[in-house]
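Have a look at the structure below, then the notes.
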Amino acid sequence: MGSYDSYAKQYNDMVNSGGPEGSYRYILQQLHSLSDLADLKICDIGCGQGELAYRLSLLGAKVTGVDLSDKLLEYARNRTNQVSWVHDDAMSLKKLDDEAFDYVVSSVMLMDVPDHKRVYEAAYRILKPNGVMIWVIMHPCFQSPFSQPLGDGSRKIIQYDSQFWKSEGVGTIRSTLGAYHRPLSQYLNDFLTAGFSLIRVDELERDDNSVDKLPLMFAVIGKKKHLGQ
């Protein structure tokens, strides 16, 4: 996500206008349901301008936010000094120690990396035994490069392949930086192969259904398995 440097202000404005709010709300609710977060160590991979990590720190967690964009981390550091902000690649997390975290979260960022499997593997490495990872992505069945709303609450999908794509807009993040589209089966099977067992999956609806009435995001919670399980 180093390319996000040139779009840091635009991304910050998007977050402040509530863009990823559904993902943040889901992650916070699920963490609350799993345990009291006070003094637990949480890593927010692809933390961007730091909003989710900041909210987690308010709950008493010891939070580390990781991002590859220096400009986004500038916003994060200005947001709070109660989070450890780390400039690092989500696909390696080489600056983070093995088995250091109780939870790893990833909010709407796996579509931005060329190798999501390496993110899973890095998250597995830094999690403590029985540690939990929660990740949220744009729903790949409906929010895809060959998907368009029809105006009646439905969508027309004409292709469903793994691919790198850019939107047709001009001057937007997706039209310039693009994203990686992958089928649900690929995300889930690679997560299991990395060593996680599934706890639950959820499909998150839009807060505003005026565009369509289909799920906007897909969310997964998994636990790091012991060796031999």
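The figures that follow rest on heavy atoms only: side chains count, while hydrogens, waters and symmetry mates do not.
Residues Trp135 and Leu198 share a single hydrophobic cluster, defined by chaining ILVMFWY side chains whose heavy atoms lie under 4.5 Å apart. In this structure, Tyr7 is not a member of the same hydrophobic cluster as Tyr180, with clusters built from ILVMFWY side-chain heavy atoms closer than 4.5 Å. One hydrophobic cluster, built from ILVMFWY side chains closer than 4.5 Å, holds both Leu59 and Leu31. Leu192 and Val136 fall within the same hydrophobic cluster, where Ile, Leu, Val, Met, Phe, Trp and Tyr residues are linked whenever their side-chain heavy atoms come under 4.5 Å apart, directly or through other members. Two different hydrophobic clusters hold Phe218 and Val211 under the rule that ILVMFWY side chains link at heavy-atom gaps under 4.5 Å.
Under the 3.5 Å distance criterion, the side-chain polar atoms of Ser17 are matched with a main-chain donor or acceptor of Met14. Of the possible polar contacts, one joining the Thr80 side chain to the Gln82 backbone as a donor-acceptor pair under 3.5 Å is found. Looking only at distances, no side-chain donor or acceptor of Lys156 sits under 3.5 Å from a matching main-chain atom of Leu150. Judged by distance alone, with hydrogens and angles left aside, the side-chain atoms of Ser147 form no donor-acceptor pair with the main-chain N or O of Gln143 at under 3.5 Å. No donor-acceptor pair under 3.5 Å is formed between the side chain of Arg118 and the backbone N or O of Ala90. Counting only distance, with no hydrogens or angles, the side chain of Tyr120 and the backbone of Tyr187 share a donor-acceptor pair below 3.5 Å.
Here the CZ-CG distance, from Arg182 to Leu188, works out to 13.0 Å after rounding to the nearest 0.5 Å. A distance of 11.5 Å separates CD1 in Ile221 from OG in Ser197, rounded to the nearest 0.5 Å. A distance of 13.0 Å separates NZ in Lys95 from CG in Asp97, rounded to the nearest 0.5 Å. Taken to the nearest 0.5 Å, the NZ atom of Lys224 stands 9.5 Å off from the CG atom of Asn130. The distance from atom CG of Leu73 to atom CZ of Arg77, rounded to the nearest 0.5 Å, is 5.0 Å.
Tyr160 is listed as a side-chain neighbour of Cys141, based on a closest heavy-atom distance under 4.5 Å. Side-chain contact between Met133 and Ser106 is present, with at least one heavy-atom pair separated by less than 4.5 Å. Within the 4.5 Å cutoff, no side-chain heavy atoms of Thr193 are placed close to those of Phe191. Residues Asp5 and Leu72 fail the side-chain proximity criterion, which asks for heavy atoms closer than 4.5 Å. The closest side-chain heavy-atom distance from Met91 to His116 is not below 4.5 Å. You'll find the side chain of Trp85 reaches within 4.5 Å of the side chain of Cys47, heavy atoms only. Put simply, the side chain of Tyr24 does not reach to within 4.5 Å of the side chain of Gln29, judged on heavy atoms. With contacts defined as side-chain heavy-atom distances shorter than 4.5 Å, the pair Pro20/Val15 qualifies.
If you check the side chains of Gln159 and Ser144, you find no donor sitting under 3.5 Å from an acceptor. Looking at Tyr26 and Asp202, their side chains do bring a donor and an acceptor atom within 3.5 Å of each other. Between the side chains of Ser35 and Tyr103, a donor-acceptor pair is found at a separation under 3.5 Å. There is a side-chain donor-acceptor pair under 3.5 Å between Asp112 and Tyr4. Using modelled atom types and a 3.5 Å distance limit, the side chains of Ser69 and Asp67 yield no donor-acceptor pair.
For the pair Met217 and Gly19, the tightest heavy-atom approach, listed with the atom from each and the gap, is CE-O, 4.4 Å. Across Ser107 and Ile27, no two heavy atoms sit closer than the pair CB-CD1, 3.9 Å. Taking each heavy atom of Leu110 and Val119 in turn, the nearest pair found is CD2-CG1, 3.7 Å. The two residues Pro183 and Pro140 have their closest heavy-atom pair at C-CG, 4.5 Å. Across all their heavy atoms, Arg125 and Leu93 have their closest contact at NH2-O, 2.7 Å. In terms of heavy atoms, Leu214 sits closest to Gly153 at CG-O, 4.1 Å.
Using cut-offs of 30° and 60° for the angle between ring planes, the Phe142 and His139 rings count as tilted.
By the 4.5 Å side-chain criterion applied to Ile, Leu, Val, Met, Phe, Trp and Tyr, Trp165 is assigned to no cluster and stands alone.
Sparse packing is recorded around NZ of Lys9, with 12 or fewer heavy atoms of other residues, nucleotides or ligands lying under 6.0 Å away.
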Query raised in the report: Between Val104 and Ile45, does a side-chain contact (heavy atoms from CB on, under 4.5 Å) hold up when you go through it step by step?
Result: CA-CA 7 Å; Val104 167; Ile45 304 177; 3.2 Å; yes

Query raised in the report: Should Asp212 and Arg206 be marked as a salt bridge (Lys or Arg N to Asp or Glu O under 4.0 Å) after you check the CA-CA gap, both sets of side-chain angles, and the distance that decides it?
Result: CA-CA 8 Å; Asp212 61 51; Arg206 294 180 184 273; 3.2 Å; yes

Report task. With side-chain contact (heavy atoms from CB on, under 4.5 Å) as the test, would you mind laying out the steps for Leu204 and Leu216 before giving the verdict? Result -> CA-CA 6 Å; Leu204 313 184; Leu216 177 66; 5.9 Å; no

Report task. Decide side-chain contact (heavy atoms from CB on, under 4.5 Å) for Cys43 and Ile126; before the verdict, give the C-alpha distance in whole Å, the side-chain angles of both, and the deciding distance to 0.1 Å. Result -> CA-CA 9 Å; Cys43 181; Ile126 67 171; 4.0 Å; yes

Query raised in the report: For Lys128 and Asp102, what are the C-alpha separation, side-chain angles and deciding distance, and is it a salt bridge (Lys or Arg N to Asp or Glu O under 4.0 Å)?
Result: CA-CA 6 Å; Lys128 297 176 182 179; Asp102 300 286; 3.3 Å; yes

**Report entry** Trace of the side-chain contact (heavy atoms from CB on, under 4.5 Å) decision for Ile42 with Phe101
**Finding:** CA-CA 6 Å; Ile42 301 177; Phe101 295 92; 5.6 Å; no

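Aromatic ring centroids of Phe146 and His181 lie 6.0 Å or more apart. Note: Tyr124 and Phe196 meet the aromatic proximity criterion, with ring centroids under 6.0 Å apart.
Within the structure, the side-chain hydrogen bond (donor to acceptor under 3.5 Å, both in side chains) test picks out the following pairs touching residues 40-57 (sequence neighbours left out): Asn12-Gln49, Glu21-Arg55, Glu51-Arg55, Glu51-Arg79.
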